[in-house]
Amino acid sequence: MSDATIRRATGADRPWLITAMAGISDHERTLHDSRRPGADCADAYLAQIEAAIATRGGAILVAARGEERLGCIAFHVAREVNAAETPDSNVYGYVSDLYVAPAARRQGLASRLLAEAERHFRDAGLRRMRIGSLAANASAVGAYHRFGFEAYEVVLEKRLAP
């Protein structure tokens with residue numbers, strides 16, 4: 001999807017972003033019963049994302065072709081205090097949400113959006129980038145299933161070169 005432009009979200013994008021957040025929630029709801037229907041939470045969830053970005057440095061980017069919005073990504077800098085981890089692991093770029101409209105999928109748009117988030121994090125001097133997803137980690141989930149857990153979330157990390 002090389003003809004799409006990636007830009008910072010504006011107030012005019014907010015209604016579409018709410019629809020995108022509802023789409024994410026509705027899809028995740030098919031994967032796990034902890035997710036609420038998108039119509040019940042998308043506006044509040046977007047406000048939560050916007051608050052995190054305002055206080056933690058990040059952005060919501062929108063991929064568009066003309067007036068048609070095709071996808072979005074939300075990300076911020078996460079800071080933790082975990083004595084068991086290295087200092088560079090306690091500060092990392094976190095992608096909280098990534099959405100591509102169904103008609104624009106499988107055309108490389110998600111990769112382009114992730115590359116823009118990565119560029120932002122590199123420019124901020126970060127060395128790590130993480131993203132969470134409802135997913136399965138085969139070896140760990142097998143052990144957890146035997147104990148009675150069900151798959152819920154996995155955090156993936158990409159190390160960023162300085």
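These numbers come from a predicted model, not from an experiment.
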Exercise for the section: Examine distances only and state if a side-chain atom of R112 and a backbone atom of I6 form a donor-acceptor pair shorter than 3.5 Å. Expected result: no
Practice task
State, with a plain yes or no, whether a side-chain heavy atom of S89 is found less than 4.5 Å away from one of R130.
Solution key: yes
Practice task
Look up atom NE2 in H76 and atom OH in Y92, then write down how far apart they are to the nearest 0.5 Å.
Solution key: 7.0 Å
Completion exercise
Heavy-atom closest pair (I73 atom, L113 atom, distance to 0.1 Å) is CD1-O, 3.5 Å
Practice task
Could you go through the side-chain contact (heavy atoms from CB on, under 4.5 Å) check for I49 and M21 one step at a time?
Solution key: CA-CA 10 Å; I49 293 167; M21 295 304 117; 3.6 Å; yes
Exercise for the section: Kindly work out whether a path of hydrophobic side-chain contacts (I/L/V/M/F/W/Y, heavy atoms less than 4.5 Å apart) joins V91 to V95. Expected result: yes
Exercise for the section: Grab the two heavy atoms, one from A104 and one from L109, that are nearest each other, plus how far apart they are. Expected result: CB-CD2, 4.2 Å
Exercise for the section: Group every Ile, Leu, Val, Met, Phe, Trp and Tyr by side-chain heavy-atom contacts under 4.5 Å, then state whether I24 and F75 land in the same group. Expected result: no
Problem - Note, R35 side chain near C41 side chain (heavy atom, < 4.5 Å) - result: no
Practice task
For the pair M129 and L114, evaluate side-chain contact (heavy atoms from CB on, under 4.5 Å) and give the outcome as yes or no after the intermediate values.
Solution key: CA-CA 10 Å; M129 177 176 165; L114 285 166; 4.0 Å; yes
Exercise for the section: Please answer: with hydrophobic residues joined when any side-chain heavy atoms are less than 4.5 Å apart, are I18 and V100 in the same cluster? Expected result: no
Completion exercise
Output for pair (R127 CZ, R159 CZ), nearest 0.5 Å, gives 8.0 Å
Fill in the blank from the handout: Looking only at heavy atoms, the pair that brings A78 and Y94 closest together is CB-CB, 4.2 Å
Practice task
Determine the minimum heavy-atom distance between A39 and A22, stating which atoms define it.
Solution key: N-CB, 4.4 Å
Problem - Over all atoms of both residues, closest heavy-atom pair of P102 and Y99 - result: CD-OH, 3.5 Å
Problem - Side-chain heavy-atom pair R128, T86 within 4.5 angstrom cut-off - result: yes
Practice task
Could you tell me which non-hydrogen atom of Y45 sits nearest to which non-hydrogen atom of S96, and how far apart they are?
Solution key: OH-O, 4.0 Å
Handout entry: Heavy-atom side-chain contact between I60 and L46 under 4.5 Å
Key = yes
Exercise for the section: Tell me whether V62 is reachable from L70 by hopping between hydrophobic residues (I, L, V, M, F, W, Y) whose side-chain heavy atoms are closer than 4.5 Å. Expected result: no
Exercise for the section: Could you tell me whether D43 and R14 have a side-chain N and a carboxylate O separated by less than 4.0 Å? Expected result: yes
Exercise for the section: Answer yes or no: is there an ion pair linking R7 with D13, defined by an N-O contact shorter than 4.0 Å? Expected result: yes
Problem - Contacts of type side chain to side chain contact (heavy atoms under 4.5 Å, CB included), residue R8, not counting sequence neighbours - result: A59, L61, H120
Exercise for the section: Before accepting this row, confirm whether a basic side-chain N of the pair E118/R122 lies closer than 4.0 Å to the acidic partner's carboxylate O. Expected result: yes
Problem - D97 side chain vs A74 backbone, donor-acceptor pair below 3.5 Å - result: no
